[in-house]
Number of protein chains: 2
Amino acid sequence: MSPQGADLATQRGTARQQRFASVVRAGSRVTPERARSHNRVLVLQELYRSEGLSRADLARAVGLTRVTISDLVADLIEDGLVIELGLRSDARPGKPATLLDINRKGFAVIALDLSYDNLFRGVVTDLDGTVLHREHADVTGITGTDAVDAVAALLDRLVAAAKAPVLGVGVGSPGIVDDAGTVLSAPNLGWADVPLQAALAERSELPVLVANDANAAALAERTFGGAHEDAILVRVGRGVGAGLIVGGRLVRGAHSAAGELGHVVVGTDGGDICACGKTGCLETWLAIPRLQARLEAAADADTRRAALAAAGERLGISLAPVVGALNLGEVVLSGPLDLLDGSLLESAAETIRSRTMADSHGGPAVRMTTLGRDIVVLGAAVMVLTGQLGVF
Amino acid sequence: MSPQGADLATQRGTARQQRFASVVRAGSRVTPERARSHNRVLVLQELYRSEGLSRADLARAVGLTRVTISDLVADLIEDGLVIELGLRSDARPGKPATLLDINRKGFAVIALDLSYDNLFRGVVTDLDGTVLHREHADVTGITGTDAVDAVAALLDRLVAAAKAPVLGVGVGSPGIVDDAGTVLSAPNLGWADVPLQAALAERSELPVLVANDANAAALAERTFGGAHEDAILVRVGRGVGAGLIVGGRLVRGAHSAAGELGHVVVGTDGGDICACGKTGCLETWLAIPRLQARLEAAADADTRRAALAAAGERLGISLAPVVGALNLGEVVLSGPLDLLDGSLLESAAETIRSRTMADSHGGPAVRMTTLGRDIVVLGAAVMVLTGQLGVF
DNA sequence: TTTGATTGTTAGTAACCTTTACTAACGAAC
DNA sequence: GTTCGTTAGTAAAGGTTACTAACAATCAAA
């Protein structure tokens with residue numbers, strides 16, 4: 001247990017939520033208070049991206065005057081969000097600057113990944129997304145409300161392990177998740193219309209944000225993986241899912257189901273029958289269990305490589321219209337490296353290039369994620385940072 | 001000629017441009033001035049959408065107080081943007097309300113469509129998008145700078161025909177157009193890196209906005225056609241282009257080439273050779289010249305219908321991954337009704353449904369546009385309304 | 001030592017929205 | 001006809017916000 005951390009978090013929770021409600025939304029009125037809140041976020045963003053800025057640096061970067069920045073920074077310091085690092089050591093004329101930084105170790109973020117088979121994983125991170133602590137829970141055979149309870153229990157353990165006030169909780173869940181964090185449908189967990197976000201928020205008394213796992217992964221790739229402003233992240237596992245970033249923003253879709261690529265039919269030459277009833281869905285070509293079965297049936301290395309290349313080609317065929325229509329700059333894959341990173345990836349890249357307009361830029365970059373297995377929890381952490389601090 | 005209109009337009013042009021620079025962009029500081037400008041836009045938006053609102057109605061809708069709304073409205077009336085309609089006639093207690101409206105007939109918008117074969121078309125509209133005047137110019141065989149001159153000449157005639165101050169000029173051009181309104185590539189007009197927006201702005205001394213024709217059409221469909229917040233508009237003509245609306249916003253793409261669907265390869269069973277060098281591009285299946293050739297070669301009505309259905313199926317095949325990935329709510333087609341509206345449309349709809357996940361909503365609506373041939377100029381007008389007034 | 005540059009703060013001002021209070025105008029009830 | 005309650009719009013005062021102007025502190029370079 002870490003009473004001081006948890007206490008501080010709940011104690012200051014409500015006040016913080018109000019103050020952090022941020023980012024001037026278009027379509028909404030702007031009162032002076034909102035304007036200031038927006039400017040606060042700008043300062044935080046600047047500090048988040050490049051640590052060791054002075055007030056004068058911030059003024060230049062944000063476009064406000066030094067006076068105003070000083071005022072805002074004083075607020076942020078009082079709230080514990082920003083700290084002074086000391087004087088700049090550079091040798092240059094003028095009064096030495098006082099360097100500032102976000103209080104990166106002063107708050108914790110809790111992030112959960114419910115997308116593994118029979119396993120829930122959770123982490124505690126600092127504001128940089130550095131993982132400080134890990135927990136996991138075996139949930140073999142656990143579904144429905146029991147699974148919700150398991151999430152809550154895992155969350156309790158993480159809250160107890162947090163050594164700093166918890167800024168919020170982010171959850172990457174399989175299935176279709178709406179804006180309010182309700183899991184509309186997650187067959188593997190036996191969930192339908194489960195208001196996970198509301199349930200966890202009530203039990204933990206913390207700000208909670210729930211989103212689809214592939215969408216969270218896309219956010220992580222955009223924030224920590226350096227992904228392009230227009231990119232798609234494809235997650236290959238038991239199923240196939242994707243998250244799309246368009247114009248730097250996550251796409252939600254008409255019915256919160258953006259990225260559901262697994263059951264789109266690929267090609268015009270048949271294929272295997274899918275669990276969904278259709279024939280030739282992307283999952284029948286690409287899902288890991290099917291892929292492994294094909295590899296085991298393969299006689300030699302060449303045959304195995306051909307099987308991987310075929311899967312990559314199918315991925316490319318289904319992505320090409322998306323890449324073309326959205327003019328995506330990057331395609332990122334996440335999943336088992338031993339299967340994806342190699343002829344599968346190369347085949348997908350080549351297929352995309354050959355089936356879209358070879359524009360002057362040579363088509364999108366196609367690569368593996370560098371974030372590894374933590375991609376979903378990192379994305380969940382990004383959700384918290386964005387929602388609570390307005391950062392990114 | 002209409003000297004008073006043109007004079008007023010140029011005379012008040014610069015002042016208006018400053019005042020209308022609007023819509024608080026995320027990532028930019030908010031000074032009190034910007035905040036007020038944003039609130040002005042909110043008032044205009046409300047008034048634009050539902051005419052006949054009182055100041056008190058606006059206060060309730062926008063969330064500002066009656067006092068502030070009165071102040072903002074006074075500004076807008078002084079600028080000539082808003083007018084009082086008179087007292088509300090409803091019988092209800094209390095002081096009767098003074099109804100307001102945007103000065104819909106007080107300003108003109110000029111919109112051009114350069115996407116026809118050998119023809120430039122232009123219109124003058126009021127703020128509602130009602131077409132008040134039409135002009136066109138034959139440009140058979142005219143390309144390059146001559147074509148730019150032709151656009152400028154057509155624009156001059158439209159400016160002369162405008163009977164009210166011109167708010168701005170919108171242009172829907174074929175090809176790839178970047179954020180600055182430079183036509184990066186438009187083979188049919190012989191344009192490459194032509195700064196059309198800057199050139200027209202300089203010559204006309206009016207605010208000019210240039211965008212791709214299909215993208216403009218998508219904006220028109222979203223604004224005047226009631227299209228869904230997540231929709232794609234596909235324009236079928238000599239080529240095939242598209243405009244995407246995601247989360248209510250137009251998608252530009254990594255290299256300003258979003259919507260370039262024509263040269264995406266469809267299916268895995270070959271096809272005709274395309275002008276671009278690839279085989280089986282969507283254009284080889286769907287472009288009007290190819291389609292007409294196939295229809296003329298057809299022996300009977302059944303064969304013709306089958307040819308149209310085949311084209312629709314190809315369209316569906318290429319759209320299915322896009323619809324699935326973005327979870328689009330609507331697919332709208334624009335082009336010759338006699339060819340598109342019928343078995344082609346039905347076949348496309350059925351193909352999309354059968355190849356994407358049949359979610360609980362039954363897949364996207366698939367329909368023809370109701371805006372007809374004016375769809376591009378209407379979209380160009382929307383660009384002006386958005387850019388100059390912040391409306392929509 | 002002087003000069004110039006830079007940082008951060010203090011004091012005063014202008015712009016913005018809000019609260020509070022008011023008048024005008026109307027329907028409904030007695 | 002009078003009174004009451006409601007709605008619309010305006011006026012004055014107040015608080016918040018960010019700006020300009022001015023200044024002290026600090027340091028490098030001439």
Side-chain angles (χ1 to χ4, degrees), chain A residues 18-19 21-22 24 28-43 46-47 52-78 82-101, chain B residues 18-19 21-22 24 28-43 46-47 52-78 82-101:
Chain A
Q18 284 180 348
R19 302 217 60 165
S22 55
V24 176
S28 163
R29 72 186 204 276
V30 180
T31 58
E33 191 185 348
R34 281 191 81 103
R36 185 169 175 92
S37 155
H38 177 92
N39 288 338
R40 269 174 61 111
V41 168
L42 289 184
V43 170
E46 235 18 84
L47 280 174
L53 294 174
S54 69
R55 291 170 175 82
D57 293 333
L58 284 170
R60 282 184 290 264
V62 174
L64 295 162
T65 62
R66 294 202 304 275
V67 181
T68 304
I69 293 291
S70 278
D71 200 38
L72 288 167
V73 167
D75 266 18
L76 292 168
I77 289 179
E78 198 185 354
V82 168
I83 51 176
E84 293 194 334
L85 295 178
L87 296 182
R88 176 179 277 153
S89 56
D90 296 20
R92 54 180 188 179
K95 175 178 171 179
T98 310
L99 299 184
L100 304 167
D101 194 14
Chain B
Q18 285 180 348
R19 303 218 58 163
S22 55
V24 176
S28 164
R29 71 186 206 276
V30 180
T31 58
E33 191 185 348
R34 283 191 81 106
R36 185 166 177 93
S37 157
H38 177 92
N39 288 337
R40 268 174 64 110
V41 168
L42 289 185
V43 170
E46 277 311 316
L47 281 174
L53 294 175
S54 69
R55 291 171 175 81
D57 293 334
L58 284 171
R60 282 184 289 265
V62 174
L64 293 163
T65 61
R66 294 202 302 277
V67 180
T68 304
I69 292 292
S70 278
D71 200 38
L72 286 167
V73 167
D75 267 18
L76 291 167
I77 288 178
E78 197 185 354
V82 168
I83 51 176
E84 293 193 334
L85 295 178
L87 296 183
R88 177 179 277 154
S89 55
D90 296 20
R92 56 178 186 180
K95 175 178 171 179
T98 311
L99 299 184
L100 304 168
D101 194 13

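Proteins get letters first, then strands, A, B, ... in listed order; numbering begins at 1 in each. No experiment lies behind these values; they were computed from the predicted model shown.
- Glu84(A) has its side chain out of reach of Leu99(A): every pair of non-hydrogen atoms, C-beta onward, lies at least 4.5 Å apart.
- Residue-level contact check: Asn39(B) touches the backbone only, with heavy atoms under 4.0 Å from sugar-phosphate atoms and none from bases.
- Among the heavy atoms of the strands, none lies under 4.0 Å from Ile69(A).
- Between the CD atom of Glu33(B) and the P atom of dC17(C) there is a distance of 11 Å, given to the nearest Å.
- For the atom pair Ser37(A) OG and Glu33(A) CD, the distance stands at 8.0 Å (nearest 0.5 Å).
- At least one side-chain heavy atom of Val73(B) sits less than 4.5 Å from a side-chain heavy atom of Ile77(B).
- The CZ-P distance, from Arg34(A) to dG15(D), rounds to 23 Å in whole Å.
- A sub-4.0 Å separation between OP1 or OP2 of dC17(C) and a side-chain N or O of Thr31(A) is absent.
- Take the nearest nucleotide of DNA chain D for Leu87(A) and for Asp71(A): the residue whose nucleotide is more 5' is Asp71(A).
- When the P atom of dT7(C) is taken as reference, atom CG of Leu53(A) falls 12 Å away, rounded to whole Å.
- If you check every strand for non-hydrogen atoms under 4.0 Å, Thr68(B) touches a base.
- Sequence order on DNA chain C of the closest nucleotides to Arg66(B) and Leu72(B) puts Leu72(B) first from the 5' end.
- Using a 4.5 Å cut-off on side-chain heavy atoms (C-beta onward), Asp75(B) and Arg36(B) make contact.
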